[in-house]
Chemist: 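Take this structure, written in structure tokens, and hold onto it; I'll ask about it next.
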Amino acid sequence: MKALLIDTLASDYAFLASENIEVWRPRPIEDSFSESEFSFDSYCHNFMIEGKIKEANPSVVIIPYSITDNILEFTGLQLAHHIRLTESLGDGRFVPIVFIGSESPYTVSRLTPFANILYCEGSYWSAPKREPLQKLISANRNLDGLQPINYEDFLKRIDVRAPSNYESHHGVDNEFCLLNWSKYVGCDDVVSSLDNSIGANLYFKFIKSENPFAPEIDPKQFLINASGTVLVIDDEGSKGWYAFYRKLFKVGNVNLECLEIPFKDLKREEIISAALERVADMDPDIVLLDLRLCDEDFDSKGRDDELTGLLILDEIKKWNRGAQVIITSASDKGWNYRKALRRGAAEYVLKTWRIEPRSQVVKIRDLVESLLPRGRFLKTIWNSSENQIDHLDQQRRAKYLDRDLEKLLSSYLLWAYDSLSSTESDVSLDNAFHFYFLILEACAKVVIDEENPIEVKPDIFQFQFRKETRYLRYFNEKTGRITEKEFSSGKRRIPYNQKFLNLIHYVTGSAEISKNIVELRNEVIHPDVITKRKVERVKESHVKEVFSVVEKLIQGL
Amino acid sequence: MSRAILIEDRSERQRIFLHRKNVELDDFDVLRNICGGNEPERFKTDFFNEERIREELSDFDVVMTHRSAWSPEVRMSLREFCEKEQKALVYFSGGISSTTFYQQKEYQFLTMNSGDFYGANLKLFLESLEDESPVNLRILAFGDNWKFELLAKLRMKLSNALETFILPANEEKRLDEQTSVNLFRTSFGLDDEYLDDLIFKSEEGEDLKEELNGIWVAKPNELVHKLLTVIKHEMQQLGFA
């Protein structure tokens with residue numbers, strides 16, 4: 001097996017050919033200039049790695065510092081990196097590489113970070129002259145390649161940097177993250193499309209080699225099984241993220257859409273406006289929102305407060321505070337994380353390959369499965385709360401309602417919502433229930449005329465609803481059932497339970513609902529009185545029940 | 001009078017890069033910067049017509065543009081136009097991972113990453129245009145090291161010549177000076193003002209020129225060694241041992 005020397009017209013090393021050295025001159029790079037997406041990486045990968053080198057499987061590769069016209073391009077060093085980092089070469093990756101050039105490795109190391117490879121195991125250097133090269137390659141001497149066991153060490157020694165600007169906003173890192181996540185959910189379309197579009201990129205190969213993928217047996221375990229509506233707002237949506245999400249949501253019953261607009265051609269305001277329009281139209285339970293959506297967002301001197309994603313988050317929260325927003329961003333800046341959460345995002349998922357992909361995909365799955373019902377619930381509550389607050393305002397303006405009462409009820413509605421939306425407390429439902437019951441308490445005097453009891457017999461009083469001249473009924477407090485009897489008392493006030501059982505029954509017409517709510521209220525406020533059974537915790541269904549009473553009550557004011 | 005035209009459809013990106021790299025394009029009268037507003041769009045429409053390409057670009061020596069702004073057909077037309085008219089063409093894009101420079105006679109073609117394009121080398125390049133120097137895209141590609149690039153390439157060719165004896169050692173005919181110089185240029189690609197000055201116009205170069213004429217037949221390798229010494233000395237001047 002011969003050593004293979006990569007030659008070019010510019011270097012013209014044909015004179016180095018010998019019995020043990022084959023000199024091969026690939027087609028000139030300028031022949032590829034007519035390709036509309038020409039890049040050195042694709043030229044190198046397609047014509048050298050996947051072509052001659054794979055086919056020849058040489059025992060040694062001899063490479064000039066540069067295999068293009070200009071030495072400072074160091075394309076020979078880049079080719080050597082491609083050899084070491086191309087997985088499909090198998091053991092061919094570890095072949096001994098002899099670099100030839102008139103400059104010493106020291107001089108080269110002052111000119112390019114790619115020179116690190118010159119100092120790695122399996123690398124050799126020779127002046128481009130017959131004698132020293134033959135001495136190095138001579139049949140009597142077997143050059144050692146890179147030992148596979150030392151591959152990790154090799155990866156730490158070389159210096160392959162991300163291109164200073166990639167055509168997408170987020171760079172190769174973003175695409176590698178997408179590739180890994182797609183592999184977990186079995187999104188083969190995205191995997192093969194990325195391999196085609198960016199598989200030749202040297203930096204992509206580097207991070208791929210640094211992070212070998214450990215396949216899971218069953219990608220189905222990562223798919224989301226839920227129902228609801230989800231909107232993806234990501235400028236990379238059309239470049240694979242939307243396809244990834246489609247796969248992720250494939251098994252459930254989620255109406256998934258992606259905002260597909262020409263992000264890079266639009267101004268920030270236009271993106272925000274398009275996003276909001278889509279949100280209002282689709283009414284999503286969850287928005288998966290990227291933070292950096294236009295060129296301005298990548299200005300390091302710009303204000304992070306003004307990141308387009310954060311501004312869209314503000315608008316979504318103005319539209320409906322209940323909609324759940326999960327930030328999915330490659331930005332690992334702590335301040336962006338804090339700002340997003342402070343401004344109402346439910347969670348922040350880092351789109352990065354630097355965090356083990358399995359945990360990130362699982363995080364998204366679990367978040368979405370829990371936030372979809374929560375989003376639906378909170379959206380409904382917020383929507384209705386806003387309507388109630390508007391109604392209270394109108395009633396106050398029409399002088400049907402006292403200003404203090406209007407302010408109090410509006411505050412209770414907002415505090416209840418804040419409690420519900422809080423993820424920091426495990427008693428958020430208890431607190432919300434309590435605030436809603438406070439609304440019932442505050443409204444009771446408006447609905448029930450307790451101030452003017454009717455003395456039906458000496459020292460026996462009955463009470464009427466204000467809007468209807470009928471008396472309050474008597475509830476059996478043990479069974480919670482409403483009786484045929486009208487409520488009467490020897491005192492001029494109504495016992496607490498009787499008052500609220502009547503009030504809720506008045507609003508809903510249901511004795512059962514009255515009983516449930518009043519009982520639960522007493523347990524929440526006075527857990528000490530429950531002795532024979534475990535105190536019941538407030539559930540979402542309880543909150544919905546009391547909230548529906550609140551809605552009807554306020555509308556009736 | 002503008003010598004170079006820059007057509008960029010992503011104005012915000014240009015602003016950000018220039019701001020980061022502290023480059024102010026407005027400082028350069030030699031540059032016409034087509035960026036922002038409706039102008040890039042107008043060009044996009046116009047360039048579907050080859051005649052319009054000619055009308056818009058014929059006044060410039062250098063055309064620099066964001067590659068992704070154009071369809072594959074327009075990219076091809078631009079390349080063909082520049083090659084035919086011997087104009088320097090620069091394509092920059094985020095999708096280009098490394099710098100590749102190509103020169104064929106007066107036609108120079110450079111592809112580079114956008115992040116590298118909007119940097120200190122652009123400033124150096126525009127300054128060289130303002131100095132009325134010939135268009136030298138190596139400055140844009142390699143910055144201050146562009147001389148090193150030429151020297152290293154010449155050194156490689158001369159070293160290879162020693163190994164291959166391509167010089168006509170057995171040639172008995174004496175060549176006149178001009179023929180020798182021309183032959184030398186053809187063999188080693190010295191068609192560059194900087195190398196020309198270095199080799200032929202320096203004090204040492206004058207001697208070399210004489211020797212080149214005198215010893216061409218008898219001792220070509222000695223001549224090459226002397227040239228290598230000149231190169232080595234120049235490289236040391238540039239900071240490379």
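Within every chain, numbering begins at 1; the chains are lettered A, B, ... in the order of the sequence lines, protein sequences first and strands thereafter.
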Chemist: Backbone N or O of A/Asn70 within a donor-acceptor pair of the B/Arg138 side chain at under 3.5 Å?
Modeler: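 No.
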
Chemist: How many angstroms lie between CZ in B/Phe101 and CG in A/Asp69, if you round to the nearest 0.5 Å?
Modeler: 8.5 Å

Chemist: Is it the side chain or the backbone of B/Phe109 that comes within 4.5 Å of chain A heavy atoms, both, or neither?
Modeler: side chain

Chemist: Is it true that a side-chain atom of B/Arg10 and a backbone atom of A/Lys264 form a donor plus acceptor pair closer than 3.5 Å?
Modeler: no

Chemist: Please check: side-chain N/O of A/Glu30 versus main-chain N/O of B/Tyr102, any donor-acceptor pairing under 3.5 Å?
Modeler: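 Side chain of A/Glu30 to backbone of B/Tyr102: no pair is present.
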
Chemist: Evaluate the salt bridge (charged side-chain N to carboxylate O under 4.0 Å, His left out) criterion for residues A/Glu296 and B/Arg15: first the C-alpha distance (whole Å), next the side-chain angles of each, then the deciding distance (0.1 Å), finally the verdict.
Modeler: CA-CA 9 Å; A/Glu296 286 168 77; B/Arg15 188 190 66 75; 5.7 Å; no

Chemist: Is B/Glu12 salt-bridged to A/Lys267, going by a charged N under 4.0 Å from an acidic O?
Modeler: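 Salt bridge between B/Glu12 and A/Lys267, a charged N being under 4.0 Å from a carboxylate O: no.
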
Chemist: Checking A/Ile29 against chain B: side chain, backbone, both or neither under 4.5 Å from a heavy atom?
Modeler: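 The side chain, not the backbone.
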
Chemist: Counting only non-hydrogen atoms closer than 4.5 Å, does A/Ser11 touch chain B with its backbone (N, CA, C, O), its side chain (CB onward), both, or neither?
Modeler: both

Chemist: Could you tell me which portion of B/Met156 (side chain, backbone, both or neither) has an atom closer than 4.5 angstrom to a non-hydrogen atom of chain A?
Modeler: both

Chemist: Output, in order, the C-alpha distance, side-chain angles, deciding distance and verdict of side chain to side chain donor-acceptor pair (under 3.5 Å) for B/Ser97 and A/Asp41.
Modeler: CA-CA 7 Å; B/Ser97 51; A/Asp41 279 341; 2.7 Å; yes

Chemist: So what's closer than 4.5 Å to chain A heavy atoms on B/Thr100: side chain, backbone, both or neither?
Modeler: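 Both backbone and side chain.
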
Chemist: To the nearest 0.5 Å, tell me how far A/Leu16 CG sits from B/Asn160 CG.
Modeler: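 Answer rounded to 0.5 Å: 7.5 Å.
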
